[in-house]
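Written out below as structure tokens is the structure these notes cover.
Counting starts at 1 for both ligands and their atoms, following the listed order.
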Amino acid sequence: MTHTCVGIVGAGPAGLVLAHLLKEQGVESVVLERQTRSYVEKRVRAGLLEHGTVALLEQHGLAERLRARGQVHRGVELRFAGRRHRIPYGELYGGRHMVVYAQQDLVADLIRLWVERGGEIQFAAEDVSLHGFDRERPEIRYTRAGREQRLTCDFVAGCDGYHGVSRGSIPTGALRVYDHRLPFAWVGVLAQVAPSTEEIIYAHHPRGFAGHMLRSQTVSRFYLQTEPDDPIESWPDARIWEELQGRLAVDDGWRLREGPVLEKNVTDMRSFVVEPMQFGRLFLAGDAAHIVPPTGAKGLNLAVADARVLAEALLGRVRASDSRGLDAYSATCLRRVWRVQEFSSWMSWLIHRIPDATPDAELRRRMQRAQLEYLCASPAAGASFAENYVGLENL
Ligand code: FAS
């Protein structure tokens with residue numbers, strides 16, 4: 001049996017950033033990851049980092065490769081009624097910018113730096129179970145290469161995502177669960193094709209939303225609105241490109257480049273939050289505690305924000321025996337979580353086609369169009385969008 005100060009379950013953005021911030025201040029942790037290293041370093045997910053996320057990574061010496069290979073972005077393009085509307089969020093929000101950098105590349109950077117700095121990470125840790133976190137000596141049990149292992153710790157960080165074991169380890173009834181499924185889903189597409197745009201495009205179209213996201217100069221990410229539970233089999237590549245061409249079209253002849261589809265899947269959209277994000281000596285961070293609709297590109301950024309709050313709170317307790325940060329952990333994180341939930345939900349309803357089954361669908365479509373026009377015409381509305389999209393500070 002080994003002991004560490006903080007047992008971290010999950011080597012995603014939340015777990016890895018937390019591990020680094022603790023180690024930098026001399027607080028030891030062990031990261032337990034169910035998957036193999038190569039699996040987590042190839043898993044395609046997010047790709048847009050908020051200004052605050054990049055600043056935090058830079059502050060802690062974790063952003064060298066991100067700065068060298070990420071693409072700085074200062075604006076986004078909305079399309080509707082065949083027209084383009086650029087929202088210059090950099091100008092509207094004090095020059096702050098965002099960086100396009102694939103999540104799997106960030107995870108690979110954080111793992112490489114963690115190992116280089118002497119951090120301990122156990123990949124392929126199976127059957128993880130959490131014990132005693134409501135008492136003084138939490139224990140994490142797991143098997144690795146068929147042998148049972150036990151890790152005692154002073155605190156446990158549940159950073160194991162929505163499908164992890166941590167949230168489910170908390171006694172039923174101890175959590176309030178908020179779970180809302182939006183009436184749209186995304187066909188996520190990764191294609192071997194250079195981007196046809198300099199900036200991210202969100203297109204509102206009568207056939208449904210389409211998004212042209214960016215990942216690199218040779219690979220592009222696209223999203224298409226579909227029905228929840230729509231099987232990916234109903235989206236052959238030909239249909240994907242036909243719908244992207246149609247929904248992204250504008251009246252100035254712009255054309256979308258096409259290329260081989262590398263990956264495609266259907267992702268449901270939900271707003272999910274558990275309160276509180278802690279129980280005894282177990283603290284949930286990232287997707288283990290909340291899921292936001294991917295529209296506003298917030299999930300990864302929220303995970304890193306939780307990790308920053310949890311690291312500060314744990315350091316306060318471990319180094320100064322000051323428990324106030326840990327006592328307030330959940331309330332501190334939830335202020336940002338609910339702000340981001342509201343913005344992501346608002347943005348989802350702004351740019352998706354309102355389903356026919358929605359009560360007063362036609363009326364809501366008229367109000368949606370008025371909102372789009374107002375957002376593109378009003379500097380005040382643009383500034384409010386900019387600070388939410390790029391990332392609110394001091395929350
Ligand atoms: P993660 O899920 O990233 O990491 C959890 C880790 O815990 C994983 O490595 C997992 O293998 C491990 N784990 C799980 N169970 C375990 C167990 N029992 N024992 C040990 N380890 C365990 N967000 C955006 O901001 N923009 C996007 O465009 C975007 N697109 C997305 C597309 C998809 C298909 C998905 C699924 C998510 C997307 N997200 C996006 C959200 C996503 O990026 C998450 O918000 C982000 O990964 C959250 O980071 P973590 O909380 O660290 O959780």
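- Salt-bridge formation is detected for the pair R353/D356: a Lys NZ or Arg NE/NH1/NH2 atom is positioned less than 4.0 Å from an Asp or Glu carboxylate oxygen.
- Taking the six-membered ring for Trp and the full ring otherwise, the centers of H51 and H97 sit less than 6.0 Å from each other.
- The single protein non-hydrogen atom nearest to atom 53 (O) of ligand 1 is G161 CA, 3.9 Å, given as residue, atom name and distance.
- A cation-pi arrangement is present between R167 and Y162 under the rule of less than 6.0 angstrom and at most 45 degrees off the ring axis.
- When heavy-atom distances to ligand 1 are checked against a 4.0 Å cut-off, V9 comes that close only through its side chain, counted from C-beta outward.
- Near A303, meaning under 4.0 Å from one of its heavy atoms, ligand 1 places the atoms 48 (C), 49 (O), 51 (O).
- Between Y89 and H73, the ring centre distance reaches or exceeds 6.0 Å.
- When only non-hydrogen protein atoms are considered, atom 4 (O) of ligand 1 lies nearest to G12 CA, 3.5 Å.
- The parts of A14 lying near ligand 1 are both backbone and side chain, judged by heavy-atom distances below 4.0 Å.
- For atom 34 (C) of ligand 1, the closest non-hydrogen atom on the protein side is T267 OG1, 3.9 Å.
- When heavy-atom distances to ligand 1 are checked against a 4.0 Å cut-off, Y223 comes that close only through its side chain, counted from C-beta outward.
- A centroid separation of less than 6.0 Å is found between the aromatic rings of F184 and W349.
- No heavy atom of G188 sits closer than 4.0 Å to any atom of ligand 1.
- Where the criterion is an N or O separation shorter than 3.5 Å, residue side chain and backbone included, R45 meets it with respect to ligand 1.
- Taking distance alone, with nitrogen or oxygen atoms compared against 3.5 Å, Q103 approaches ligand 1 more closely than that limit.
- Checking side-chain atoms of N301 against main-chain N and O of L48 turns up a donor-acceptor pair under 3.5 Å.
- When hydrogens are left out, the protein atom nearest atom 16 (C) of ligand 1 is D160 CB, 3.7 Å; that is the closest non-hydrogen contact.
- Under 4.0 angstrom from ligand 1, the non-hydrogen atoms of D287 come from both its backbone and its side chain.
- Residue contacts with ligand 1 for V128 involve side-chain atoms from C-beta outward but no N, CA, C or O (heavy atoms, distance under 4.0 Å).
- Counting protein heavy atoms only, atom 40 (C) of ligand 1 is closest to A46 CB, 3.6 Å.
- Every atom of ligand 1 with a heavy atom of A297 under 4.0 Å away is listed here by number and element: 24 (C), 25 (O), 26 (N).
- Ring planes of F283 and F155: tilted class, angle from 30 to 60°.
- Under a 4.0 Å criterion applied to the non-hydrogen atoms of L32, ligand 1 contributes the atoms 20 (C), 21 (N).
- In this structure, I200 is not a member of the same hydrophobic cluster as V187, with clusters built from ILVMFWY side-chain heavy atoms closer than 4.5 Å.
- Partner of S271 under the side-chain hydrogen bond (donor to acceptor under 3.5 Å, both in side chains) criterion, out of R181, Q341, H180: Q341 alone.
- Some N or O of G299 is nearer than 3.5 Å to an N or O of ligand 1, by distance alone.
- Of all atoms in ligand 1, listed by their number and element, those nearer than 4.0 Å to a heavy atom of G164 are 15 (N).
- Between F222 and W186, a ring centre-to-centre spacing not shorter than 6.0 Å is recorded.
- In the candidate list G286, G296, P13, P13 is nearest to atom 49 (O) of ligand 1, counting heavy atoms.
- Salt-bridge annotation for R369 and E373: present, with a side-chain N of the basic residue lying under 4.0 Å from a carboxylate O of the acidic one.
- Considering only non-hydrogen atoms, atom 5 (C) of ligand 1 lies nearest to C159 out of C159, G10, S169.
- Considering backbone and side-chain N/O of E33, one or more are found under 3.5 Å from N/O of ligand 1.
- For ligand 1, the atoms closer than 4.0 angstrom to any heavy atom of Q35 are 11 (O).
- Ion pairing of R67 with E58 is present here, as a side-chain N (NZ or NE/NH1/NH2) and a carboxylate O approach within less than 4.0 Å.
- Each of E393, E387, E50 was scored for a salt bridge (Lys or Arg N to Asp or Glu O under 4.0 Å) with R96, with one residue passing: E393.
- The existence of a salt bridge linking E242 and R239 is excluded, since no basic side-chain nitrogen approaches an acidic carboxylate oxygen closer than 4.0 Å.
- For ligand 1, the polar-atom distance check against R34 finds a nitrogen or oxygen pair separated by under 3.5 Å.
- A salt bridge links D179 with R270; the closest basic N to acidic carboxylate O contact falls under 4.0 Å.
- Remark: distances from the non-hydrogen atoms of R43 to ligand 1 include one below 4.0 Å.
- Contacts with ligand 1 closer than 4.0 Å are made by backbone heavy atoms (N, CA, C, O) of K298 only, the side chain lying farther away.
- Some N or O of L300 is nearer than 3.5 Å to an N or O of ligand 1, by distance alone.
- Each of the following atoms of ligand 1 lies closer than 4.0 Å to a heavy atom of V40: 9 (O).
- A side-chain hydrogen bond (donor to acceptor under 3.5 Å, both in side chains) with E243 is found for exactly one of Q225, R207, H205, namely R207.
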